[in-house]
2 protein chains.
Amino acid sequence: MPERIYNFSPGPGTLPQEVLTQAAKDIVNFNDKGISLIELSHRSKEFMAVYAEAEADIRELLEVPDNFKILFLQGGASSQFAMVPMNLLGGSKKGTYLNTGSWAKKAIKEANIIASSQVAYSAEDSAFNHVPVDADYTVDADSEYLYFVSNNTIYGTQFREFPKSDKMLICDMSSDIMSRAIDFSKFGLIFAGAQKNMGPAGCTIVIIRDDLLDRAPETVPTMLRYKTHADKDSMFNTPPCFAMYCVGLVCKWLKANGGVAGMAKRNEEKAAILYDMIDSTSFYRGHAKEGSRSLMNVTFNLPTPELEAEFVKQGTEQGLDGLKGHRSIGGCRASIYNAFPRQGVVDLVEFMKKFAKENS
Amino acid sequence: MPERIYNFSPGPGTLPQEVLTQAAKDIVNFNDKGISLIELSHRSKEFMAVYAEAEADIRELLEVPDNFKILFLQGGASSQFAMVPMNLLGGSKKGTYLNTGSWAKKAIKEANIIASSQVAYSAEDSAFNHVPVDADYTVDADSEYLYFVSNNTIYGTQFREFPKSDKMLICDMSSDIMSRAIDFSKFGLIFAGAQKNMGPAGCTIVIIRDDLLDRAPETVPTMLRYKTHADKDSMFNTPPCFAMYCVGLVCKWLKANGGVAGMAKRNEEKAAILYDMIDSTSFYRGHAKEGSRSLMNVTFNLPTPELEAEFVKQGTEQGLDGLKGHRSIGGCRASIYNAFPRQGVVDLVEFMKKFAKENS
C-alpha cells in the first residue's frame, strides 16, 4: 500500500494532508501550551480563538453578509431536516421542496412530520439522473421557502446554477459547500455537514439570516432552536471542538489555495478530465444527464455489475479507494471534493482506460 | 511552560497521554492504510471495527446487560434533556426530577416544554451544596421515571449512592460515567457527554433499555427517536467518528488500568488527598456538604474573592491549569476525572499549602 492512497469516498472524504499533519501535532500539544487541543476547555481563550478564526474565515471565503449568523452545530445535516421546519414552519406553514434524491426525500419526510410540504418537482421516476430547471416547476404562493439540495452525492447530480425564485432559498449544501460562490441575498439558510468538503464528521455548519432566528414556536426544545446557538456564538453547550478546529484548518488551506474561486476552477478541471473519459467510450456510461452533472461526485456504470465489482476491487488494490457506488443505484462513483488531488483523477482515468481495454 | 500541564478543567477534560499519542498517529495514517482515521468512510470495514470495539469495550467495562443498547449520538447531554421526555413521556406523561444543580434545572425546563415534570426535591435554596437522600423526597405514583444527575460538575456534589426507587432511574452521568459500577437493573436509561470522563467533545453515549426504544409518539422527528439510532447501530447518519474512536481508545486505557473498579479506587484516593487538605485548614472551605462530596469535581473557597483570583493566577503560572470555579458560584474547582494523574493532585496540595501559608 502506498504511503497515501487516493480516497474517492463520498464522505467522510479526503482532507488536505497539511490539515492532517497540523491536527496530529495539536492533538499532542496545542501551540506548545502543554495541553492537547481536545483537552482545551471550550471557554478557554485558546479555543475561543480557534472558533473566532474559523467563523471569520468561513465568512471571508463565502462572503457571508453581516446579517447572517454562522453556527457550528452537531447532529449532522440529518438533524437540519427537522430543525428547518421546526424553526421556520411554526403555525402550520408550508415549505416547498425539490425532490432530487435521497437526502431531499428525507428532508421532505421530516417537513411532513412537523408541518407540511409542497413537492414542486420530483426526479424520482428517472432514477434521479437530473435536477430540474426553473421552468420545470411552480412554487405555491403561500409557501415559506424553496428547499433544495445543491449537490446529490448518491446520484452525482448538481444544481450548476441555483434555482431562481421569489421565495427565500433553503439549501442543503453538505456535499458542495466551499466549491463555488453563493449570492446570499437569495438565501434564508444554508447548511452543510462538514465531512464532505469542509472537515471531519461531527460538525454541521448553518448559515442563517438573522431575522429567521426567532421564528420557532415555544414548543420547540431549547437545543433545536437556532436562536439558542446564535445568541451564544455556538457555545450554548460544549460544541464539537475538534471538528470545528479542523474546519478552521481546512479554511486556512482554502485561503492558501485560491479560495472558493480557485476551488471552482480546479473542480471544473478535475471533473472535466473524468467526464471526458466517460464520454469518449461506450464502456463507461455516466448516470447523470448533461447539464446536471456534479463536479463533486462522478457516477458511472460499466457494462455489467460483475465488471463493476471487478473494477472497484482492482481500483482498491491500486490505491484508488472508495469507488463503489451507493447501494441504491449501484455502479461506480468517484467523489472528488475540493481536497481531492488532480493527480488522483489522472491516475483514475489511466486505470479506467486500461480496465476498459482489458475487458472490452 | 512544562511539556505537559495539569489540566483541572471541568470539561473538555484531561485525557490519557497514550490516547493523545495514538490519535495523533492515526490522524495522519490509520493502521498504516494510507488514509487518515478522519477520512475513513463510516461504512468502511475499518471504521465499523472501531465502532464495534468501542461498543464492546463500554459493554464490558460497565457490565451493560444484553437488553440495553449503547448508542453514540451527537448534540451533547443538552440534547438528551429534550430527547428523554420526547421519547418517554408521550401522551402527556410525567417525569420526576431531583433538582441538584444547573444541569438538572435545564433538564426540568425541557421536560416542561415537552410534557410535564414533578420536581420531588430541590437543593437550590442551599446553593446546591448537597444531594438528597432517599428519605428526603417522594416520587409521584403516576410518574414514569426518576431523573437525577449523578455528579454535579458546577457545585462539586455527587450521589455517592444512587437513589433507590420503584420507578426506573434515568441518569445524566456526564461527569462521572466510567468512575464506578452501575446496577443496570434499576435504570431505564443513562447518558453522558463524552468530554469529561470518556473522550473529547462531540459524542454522547446513551445506554437505553431496549423496551424503551419504541415509545416515541409519531410526531417526534426521525433523528430525535432513540429507535432510529438503535436500529442502525448508531450509523443512521454519519456519526461523530473521531470522538467515537477516542472513546474507544479511552476504554482500552481504562481496561489496561484496572477498569471501572480500578478507577473507583484511584478516584477515592485522589479526592481524599484534596479533601483532607481542605479539612485541615480554615483557609480553604469546601462548598459541598460531607456525604455529597464529589470525587470528580472538588469545589472550594478561599477567604476572599481576591485571594481566589490570585490563587487561580499563580496556579496557572505553575502549570496547574483550569482551577477557576464556575461563574455561578465562584471560588475554585479542581476537576480530577479518571484520566487526571495522582501526581497533579499531590502538586496541587503542595501549592495549596504554600499559598495558604503565604496569605494567611
Side-chain angles (χ1 to χ4, degrees), chain A residues 1-5 7 9-15 20-21 23-25 27-29 32-36 38-42 44 74-79 81-82 86 106 109-110 113-114 193 195 200-203 218-219 221-224 236-243 246 319 321-322, chain B residues 1-5 7 9-15 20-21 23-25 27-29 32-36 38-42 44 74-79 81-82 86 106 109-110 113-114 193 195 200-203 218-219 221-224 236-243 246 319 321-322:
Chain A
M1 192 60 66
E3 195 176 312
R4 186 148 165 84
I5 61 175
N7 177 19
S9 167
T14 204
L15 289 169
L20 303 174
T21 311
K25 189 170 165 295
I27 276 196
V28 174
N29 194 346
D32 293 320
K33 291 203 176 291
I35 186 168
S36 166
I38 60 175
E39 297 174 318
L40 283 177
S41 165
H42 55 298
S44 65
Q74 294 187 62
S78 295
S79 293
F81 301 163
M86 284 176 114
K106 289 188 183 213
K109 181 184 168 203
E110 298 310 301
I113 289 174
I114 293 148
Q195 73 270 15
C203 181
E218 288 185 3
T219 50
T222 305
M223 281 292 287
L224 300 170
F236 174 75
N237 68 328
T238 314
C241 301
F242 175 74
C246 289
D321 199 55
Chain B
M1 192 62 67
E3 195 176 312
R4 188 149 163 83
I5 61 175
N7 177 18
S9 167
T14 203
L15 289 168
L20 302 174
T21 310
K25 188 171 168 295
I27 276 196
V28 173
N29 193 348
D32 291 322
K33 293 203 175 291
I35 187 170
S36 166
I38 60 174
E39 297 174 317
L40 284 177
S41 166
H42 56 298
S44 65
Q74 294 187 61
S78 295
S79 293
F81 302 163
M86 284 176 114
K106 287 187 183 215
K109 182 185 167 203
E110 298 310 300
I113 289 174
I114 292 148
Q195 71 270 14
C203 182
E218 288 185 3
T219 49
T222 305
M223 282 291 288
L224 299 171
F236 173 77
N237 68 327
T238 314
C241 300
F242 175 73
C246 289
D321 200 53

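Quick note on labels: first sequence line is chain A, next is B, and so on, each numbered from 1.
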*Between S9(A) and chain B, which part of the residue has a heavy atom less than 4.5 Å away: side chain, backbone, both or neither?*
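For S9(A), side-chain heavy atoms alone lie under 4.5 Å from chain B.
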
_Heavy-atom side-chain contact between T238(B) and P12(A) under 4.5 Å_ = yes

*A23(A), C203(A), G202(A), S44(A): which one forms the most heavy-atom pairs within less than 4.5 Å of chain B?*
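Winner by heavy-atom pair count: G202(A).
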
*Atom group of K25(B) that falls short of 4.5 Å from chain A, counting heavy atoms*: neither

*Identify which part of L40(B) has an atom lying under 4.5 Å from any heavy atom of chain A, answering side chain, backbone, both or neither.*
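The answer is the backbone of L40(B).
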
*Is there a side-chain contact (heavy atoms from CB on, under 4.5 Å) between T222(B) and F81(A) once you walk through the steps?*
CA-CA 9 Å; T222(B) 305; F81(A) 301 163; over 6 Å; no

*When heavy-atom pairs shorter than 4.5 Å are enumerated against chain A, which of P10(B), S41(B), A77(B) gives the highest number?*
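Winner by heavy-atom pair count: S41(B).
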
*chain A contacts, top residue of H42(B), Q195(B), M86(B), E39(B) (heavy-atom pairs, under 4.5 Å)*: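 Sorted descending by pairs with chain A, the first entry is E39(B).
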
Which atom names give the shortest non-hydrogen contact between [X] and [Y], and what distance separates them?
| X | Y | value |
| --- | --- | --- |
| V28(A) | L20(B) | CG2-O, 4.0 Å |
| M223(A) | S79(B) | CE-OG, 3.5 Å |
| N237(A) | G75(B) | ND2-O, 3.4 Å |
| I27(A) | A24(B) | CG2-N, 4.1 Å |
| K33(A) | I5(B) | O-CG2, 3.7 Å |

*Rounded distance (nearest 0.5 Å) linking atom CG of L15(A) with atom OG of S36(B)*: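 Atom-to-atom, L15(A):CG and S36(B):OG are 6.5 Å apart.
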
*How far does CG of D32(B) sit from CD of E3(A), to the nearest 0.5 angstrom?*
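It comes to 9.5 Å.
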
